[in-house]
Amino acid sequence: MAIVSFPSSILKVTNLAKSFGGVKAINDVSFIVREGTVTGLIGPNGAGKSSVVNAISGFTRVDRGVVELAGHDITNQAPHRIAARGLIRSFQIARELQKLTVLENMMVAPFQQLGESPWRALISRRAVMREEREHLAEAVDWLQMFNLFALRDEYAGNLSGGQKKLLELARALMAKPKVVLLDEPMAGVNPTLTKTLQGYISRLRDQGVTFLLIEHNLSVVEAICDHVVVLAEGAVLAEGQMNELRETEEVISAYLGG
Amino acid sequence: MSSLVFYLLTVAIFFCIYCIYGWGLNLQFGLTGILDFTYITFVAIGAYFAGVAALQPGNGGLGEQYILGLHLPFPIPPIIGGIVAAVLAILIGYVGLKRLRSDYLAIVTVSVGQIVWTLIGNITPLFNGWDGISGVPQPFNSVFQLDFNHYQWVFLVICILFAVLGFLIIERLTHSPFGRVLRAIREDENVAAALGKNVFRYKMMAFVIGSIYAGVGGALTIAYIGAYNPSGFTTMETFIIWAAMLVGGSGNNRGMILGAFLVPVLFNEGTRFLPSPPGNPLLAESIRGMAIGLLLIFAARFRPQGILPERKTVFRLDGLQQGGEAGGDRLVPQ
């Protein structure tokens, strides 16, 4: 067997736990996401997937456990700090910034823009404009790649459901993230676009982008995930490659309904 | 000078001041979505502090009591007015903006307004209580020595200068990356946070900058009228600025100019000429309120984004290096 060099973990979740009142949403969850891979997080409804997503991205506080991003402890930090560290999440229901154009949605994404300070916006107009041009060039590149360029000056609220999903992915990438956390990106998307999105994610992975993917569609998971973590009742039930997991007894009974 | 010219000058001065108020509120609500229902409180605080900064030490000839009395020359009083309004905004912002979202914050602002109003009215040593302060000196008139009629022209020029400066600043902020973040927050706070923006900090900045506009506008008001008391900052006054913004076009600073002309000038001043029947002196004022209310209802029904809605930002792309091809091999831009 050839020696395979495993890429190092970029996101590490250790013994995460979270209760809402008496309900334990997350019991004890640990897993890692390796750099440059697509890691899938699957599980039946109520398994705690969304809670894990919200906990990792800082939208809910955890009771116990540690989340590390590229070696930094980001547990219970504010969402904007976690994002600034390089973990960008999408939302289950596409949340475009409606009354901003497609291009503006893209232009919001880069971190620490000079012109985001009101003072610099007033006095350093030249430098701000220069930075805007740089970001604009990048945004245009992304939009062309996701076939959204023609819609650049359209209000994001006017896009179709599928286009909103594409925009959300493009916007996440615009932020140059270390890890992209996609919360059910295929939900409510037609089969053709599912294939397209699948293709984009695989190719981005090949170019070094790391994904953590929450997904219900098992054929998608099988097609693009390098590693899959199965959650059930707030705990990790099993993990491995999807084709192996399909054979696992517990997974079948808990999830596949075999 | 004819009384008509005098009247028109007064209207022009208030038009400039209402534009300044409006741009501040527009930054808070039109851009950021902060429901500030006590905007006039910041106007009042700015007016009072600018007033006592310009007045001689208290207990003057009229027996009025007030704090400070610094006797500072223009334009220091408006600067002080802006700073004090900003400080009040920071205090209220820490209570209201940290955890509360739109409607709850609105309730907090209404209560704060009532508290400040009651305190200023009842604590006479602050700003002479319900009677208010008066005799605030006119800017530069110790130099010009003009009578009040001719001085109007000087003050109009001062107001135009402030309005032009205010417009240039607010326009630049609105169309900068800063303004873009504020609009992103207005659309969806969680998305803005998920993109690494410190939502609380940005809301606070919008709230404070808007309040500076209120404070400076208030300082101009007291410099013009020369007096100010709690009847000048009732909830109705906030409502008029809100109406001007909603009718003119929230999110559009030019629409705000139009709104400032339509609501406080045309509707508020225009109704002044209605005959007031004997024995019913408050009729004209009531009709004024009703007219503005009706205008607001019509605007909401037929033109909900205002007469001049927020303009779409269109980037000019010429001269950009457009490298990527649709569906090209490399997805990550260089």
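Convention: sequence-line order gives letters A, B, ...; per-chain numbering from 1.
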At a heavy-atom separation under 4.5 Å, does [X] approach chain B through its side chain, its backbone, both, or neither?
X	answer
A:Val108	both
A:Met129	neither
A:Leu100	both
A:Pro177	neither
A:Tyr155	both
A:Ser57	neither
A:Arg152	side chain

(message) Consider side-chain contact (heavy atoms from CB on, under 4.5 Å). Of B:Ile169, B:Leu173, B:Leu182, which one does A:Pro118 pass it with?
(response) B:Leu173
[X] atom [atom1], over 12 foreign heavy atoms within 6.0 Å:
X	atom1	result
A:Lys99	NZ	yes
B:Arg303	CZ	yes
B:Arg311	CZ	yes
A:Arg133	CZ	yes

(message) Suppose a student defines contact as a heavy atom less than 4.5 Å from any heavy atom of chain B. Which residues in residues 89-98 of chain A would they list?
(response) A:Arg89, A:Phe91, A:Arg95, A:Leu97, A:Gln98
Taking all non-hydrogen atoms of both residues, which atom of [X] and which atom of [Y] are closest, and how far apart?
X	Y	answer
B:Arg172	A:Leu122	NH1-O, 2.9 Å
A:Ala83	B:Gly196	CB-N, 3.3 Å
A:Leu103	B:Phe315	CD1-CD1, 3.7 Å
A:Glu104	B:Arg183	OE2-NH1, 2.7 Å
A:Glu132	B:Pro177	OE2-CG, 3.4 Å
B:Lys197	A:His80	O-CB, 3.2 Å

(message) Shorter than 4.5 Å, heavy atoms on both sides: which option in A:Ala109, A:Ala84, A:Ala175 has the most such pairs with chain B?
(response) A:Ala109
(message) Only pairs of heavy atoms separated by less than 4.5 Å count here; which of A:Ile88, A:Asp206, A:Leu136, A:Leu114 has the most with chain B?
(response) A:Leu136
(message) Within the 4.5 Å heavy-atom criterion, are A:Met174 and B:Leu195 side-chain neighbours or not?
(response) no
(request) Decide yes or no for B:Thr313 and A:Met107: does some side-chain heavy atom of the first lie under 4.5 Å from some side-chain heavy atom of the second? (result) no
(request) Would you confirm whether B:Lys312, through its side chain, and A:Thr101, through its main-chain N or O, come within 3.5 Å as a donor-acceptor pair? (result) no
(request) Please state whether the side chain, the backbone, both or neither of B:Val181 comes within less than 4.5 Å of a heavy atom of chain A. (result) side chain
Is any residue of [range] within less than 4.5 Å of chain A by heavy atoms, and which ones?
range	answer
residues 22-41 of chain B	none
residues 245-254 of chain B	none
residues 198-213 of chain B	B:Asn198, B:Tyr202, B:Met205, B:Ile209

(request) Specify which of B:Arg186, B:Arg180, B:His175 makes the most heavy-atom pairs with chain A at under 4.5 Å. (result) B:Arg180
(request) Could you tell me which of B:Ser176, B:Ala184, B:Ala192 has the largest number of non-hydrogen atom pairs under 4.5 Å with chain A? (result) B:Ala184
